[in-house]
Amino acid sequence: MNLKISYDHYIVINDGQVTGSNLPGNVSFDHETLTLSLGAPITLHVIVILTHDYTLHYHVGAHTKAEVIETRIMNADATLTRDFSVDENASFHLFNENGGNDLHTQSYVDTGTIARDANVEMGYAELSEAQVNADYHYHLTGVNASMHVRMAILAKDEQRKKYRINIEHNAPHTTGVMDNYGVAKDRAHLDLDGLGTIKKGNNGSESHQTNKIMVFDPTCFASANPYLFIDEYDVAASHAAAVGRMDEEHLYYLQSRGLTKRQAMQLITYGYLKPVIEIVDNENLKERFEEALTKVGA
């Protein structure tokens with residue numbers, strides 16, 4: 001990955017040690033906890049470099065507004081465990097990108113709690129060369145808490161990538177939405193499970209999800225599995241799932257306009273996965289995303 005610092009404020013955490021930083025006054029890091037506090041709106045680039053397992057805590061204080069890009073570079077088989085605590089009336093946008101060009105197995109475990117009137121926008125861009133096993137579980141614990149997850153995944157060659165995302169409603173009038181999109185090619189294996197859980201008594205809540213995978217080659221495997229676990233009547237819930245081939249007519253049309261097949265495949269894939277980068281507005285991030293998608297059609 002051609003990594004550039006995406007914001008003026010940043011922190012580099014290398015196997016738990018801070019090796020570079022320029023933090024604003026309302027952001028602090030102590031041991032394993034990154035605290036974002038009320039003050040001027042925060043824009044921050046967090047770079048995590050690992051050769052072994054590590055745990056990172058995010059605490060977003062009440063009424064805080066923050067936009068964060070986290071870049072993870074795993075240089076060995078390792079697990080990154082993160083937990084998030086987003087306090088009352090906070091607004092937290094976090095974009096996660098996996099860097100590195102190695103073939104290690106990367107494991108990710110995320111848990112989080114979102115308090116009353118808080119909003120979280122979470123984006124995951126998984127375009128790396130690694131094998132991935134990820135489990136993300138978020139709890140909406142306060143009235144009117146909301147969360148929107150967007151995911152873009154590219155699985156190619158012999159890669160095995162598996163994701164499980166659960167948004168759990170533990171308070172009334174909460175909203176959980178997920179839009180998960182993947183592309184599988186060559187002999188890759190991609191599994192995507194989306195879960196929406198509304199516990200009894202949490203009336204007025206909404207759980208919606210879309211899980212779609214576009215398949216390039218008959219030799220790859222893909223599954224998109226939506227699950228809704230609803231234990232309350234006065235709610236709104238929906239799910240959609242699809243696994244299918246790229247539209248050959250669309251591909252032919254682009255080639256008839258002068259694009260090579262590889263260029264056409266890259267363009268279609270970019271449009272399919274692009275919504276994930278709308279979590280934050282950053283040109284460096286968009287450049288890295290576009291660069292990563294050059295792997296499509298290779």
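Below, all heavy atoms of this structure are taken into account, side chains as well, without hydrogens, waters or symmetry copies.
There is no side-chain donor-acceptor pair under 3.5 Å between Thr113 and Thr141. Side chains of Ser223 and Asp191: a donor-acceptor N/O pair is present below 3.5 angstrom, by distance only. At a cut-off of 3.5 Å, with distance as the only test, no side-chain donor of Glu32 or Thr55 sits close to an acceptor on the other residue. In this model, no donor atom of one side chain and acceptor atom of the other lie less than 3.5 Å apart for Gln17 and Asp15. For the 3.5 Å distance criterion, the side chains of His63 and Asp87 fail to qualify, holding no donor opposite an acceptor. Neither side chain, Asn202 nor His173, offers a donor N or O lying under 3.5 Å from an acceptor on the other. The closest side-chain donor-acceptor pair between His59 and Ser85, if any, does not fall under 3.5 angstrom.
Put simply, the side chain of Ser207 never gets that close to the backbone of Gly196: no donor and acceptor are under 3.5 Å apart. In terms of modelled atom types and a separation under 3.5 Å, the side chain of Ser6 and the main chain of Asn284 share no donor-acceptor contact. Remark: the backbone N or O of Ala241 is not paired with any side-chain donor or acceptor of Asn211 at under 3.5 angstrom. At least one donor-acceptor pair under 3.5 Å links the side chain of Lys161 to the backbone N or O of Leu154. When atom types are taken as modelled, the side chain of Gln106 and the backbone of Ala130 share no donor-acceptor pair closer than 3.5 angstrom. A donor-acceptor pair under 3.5 Å is formed between the side chain of Glu126 and the backbone N or O of Ser128. Judged purely by atom type and a 3.5 angstrom limit, Asp186 has no side-chain atom pairing as donor or acceptor with the backbone of Lys156. One N or O on the side chain of Asn26 and one on the backbone of Ser37 form a donor-acceptor pair closer than 3.5 Å.
For the pair Asp193 and Lys162, the salt-bridge criterion is met [side-chain N within less than 4.0 Å of a carboxylate O]. Classification of Glu232 and Lys199 as a salt-bridged pair fails, no side-chain N sitting under 4.0 Å from a carboxylate O. Remark: Arg187 engages Glu158 in a salt bridge, criterion side-chain N to carboxylate O under 4.0 Å.
Residues Val235 and Gly204 share a closest heavy-atom pair of CG1-N, 4.4 Å. Between Ala145 and Ala115, the closest heavy-atom pair is CB-O, 3.3 Å. Heavy atoms only, all atoms of each residue included: Gly176 and Ile167 are closest at CA-CG2, 4.0 Å. Taking every heavy atom of both residues into account, Met151 and Leu192 meet most closely at SD-CD1, 4.1 Å. Asp110 and Arg82 get closest at one heavy-atom pair: OD2-NH2, 2.6 Å. Across Glu97 and Thr71, no two heavy atoms sit closer than the pair OE2-OG1, 2.6 Å.
Between the CG atom of Asn133 and the OH atom of Tyr108 there is a distance of 11.0 Å, given to the nearest 0.5 Å. Separation of atoms OG1 (Thr197) and CD1 (Ile230) is listed at 7.5 Å; rounding is to 0.5 Å. Put simply, CG on Leu38 and OG1 on Thr64 are 5.0 Å apart, with the number rounded to the nearest 0.5 Å. In this structure, OH on Tyr124 lies 7.0 Å from CZ on Arg72, to the nearest 0.5 angstrom. Taking CG of Asp8 as the reference point, atom CG of Asn22 lies at 7.5 Å (rounded to 0.5 Å). Atom CD1 in Ile165 sits 10.5 Å away from atom CE in Met147 (nearest 0.5 Å).
Geometrically, Arg245 does not engage Phe216 in a cation-pi contact, judged by NZ or CZ lying under 6.0 Å from the ring centre and within 45° of the ring axis.
Val132 and Val48 fall within a single hydrophobic cluster, where Ile, Leu, Val, Met, Phe, Trp and Tyr side chains are chained together by heavy-atom contacts under 4.5 Å. Under a hydrophobic-cluster definition in which Ile, Leu, Val, Met, Phe, Trp and Tyr are linked whenever side-chain heavy atoms come within less than 4.5 Å, directly or via other members, Tyr227 and Leu190 are assigned to different clusters. Hydrophobic cluster membership is shared by Leu56 and Leu23, with clusters built from Ile, Leu, Val, Met, Phe, Trp and Tyr side chains linked at under 4.5 angstrom. Both Leu94 and Ile11 are assigned to one and the same hydrophobic cluster, defined by single-linkage of ILVMFWY side chains at heavy-atom distances under 4.5 Å. Connection of Leu273 to Leu259 is established within a shared hydrophobic cluster, with ILVMFWY side chains joined at heavy-atom distances below 4.5 Å, either directly or through further cluster members.
Residues Leu50 and Ile73 are not in side-chain contact: their nearest non-hydrogen atoms beyond the backbone lie 4.5 Å or more apart. A heavy-atom distance below 4.5 Å is not found between the side chains of Phe229 and Glu168. When side chains are defined from C-beta on, Val18 counts as touching Phe29, because their heavy atoms get closer than 4.5 Å. In this structure, Leu254 and Ile268 have side chains that are in contact, with non-hydrogen atoms separated by less than 4.5 Å. Side-chain contact between Leu34 and Val27 is present, with heavy atoms from C-beta onward closer than 4.5 Å.
Applying side-chain hydrogen bond (donor to acceptor under 3.5 Å, both in side chains) to Asp179 and the options Gln209, His208, His148 leaves one that passes, His148.
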Would His189 and Cys220 satisfy side-chain contact (heavy atoms from CB on, under 4.5 Å), going step by step from the backbone distance to the final call? CA-CA 6 Å; His189 191 122; Cys220 62; over 6 Å; no

Please report the C-alpha distance between His45 and Tyr7 in whole Å, then the side-chain angles of each, then the deciding distance to 0.1 Å, and finally whether the ring pair (Phe, Tyr, Trp, His ring centres under 6.0 Å) criterion is met. CA-CA 6 Å; His45 191 177; Tyr7 291 122; 7.1 Å; no

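Shown here is Lys212, whose NZ atom has no more than 12 heavy atoms of other residues, nucleotides or ligands within 6.0 Å.
The salt bridge (charged side-chain N to carboxylate O under 4.0 Å, His left out) test applied to Arg150 returns Glu278, not counting sequence neighbours. Looking at residues two or more places apart in sequence or on another chain, you find no ring-ring contact (aromatic ring centres under 6.0 Å, His included) involving Tyr10. Applying the ring-ring contact (aromatic ring centres under 6.0 Å, His included) criterion to His139, with sequence neighbours excluded, gives His137.
Under the 30°/60° scheme for interplanar angles, the aromatic rings of Tyr136 and Tyr163 are found to be tilted.
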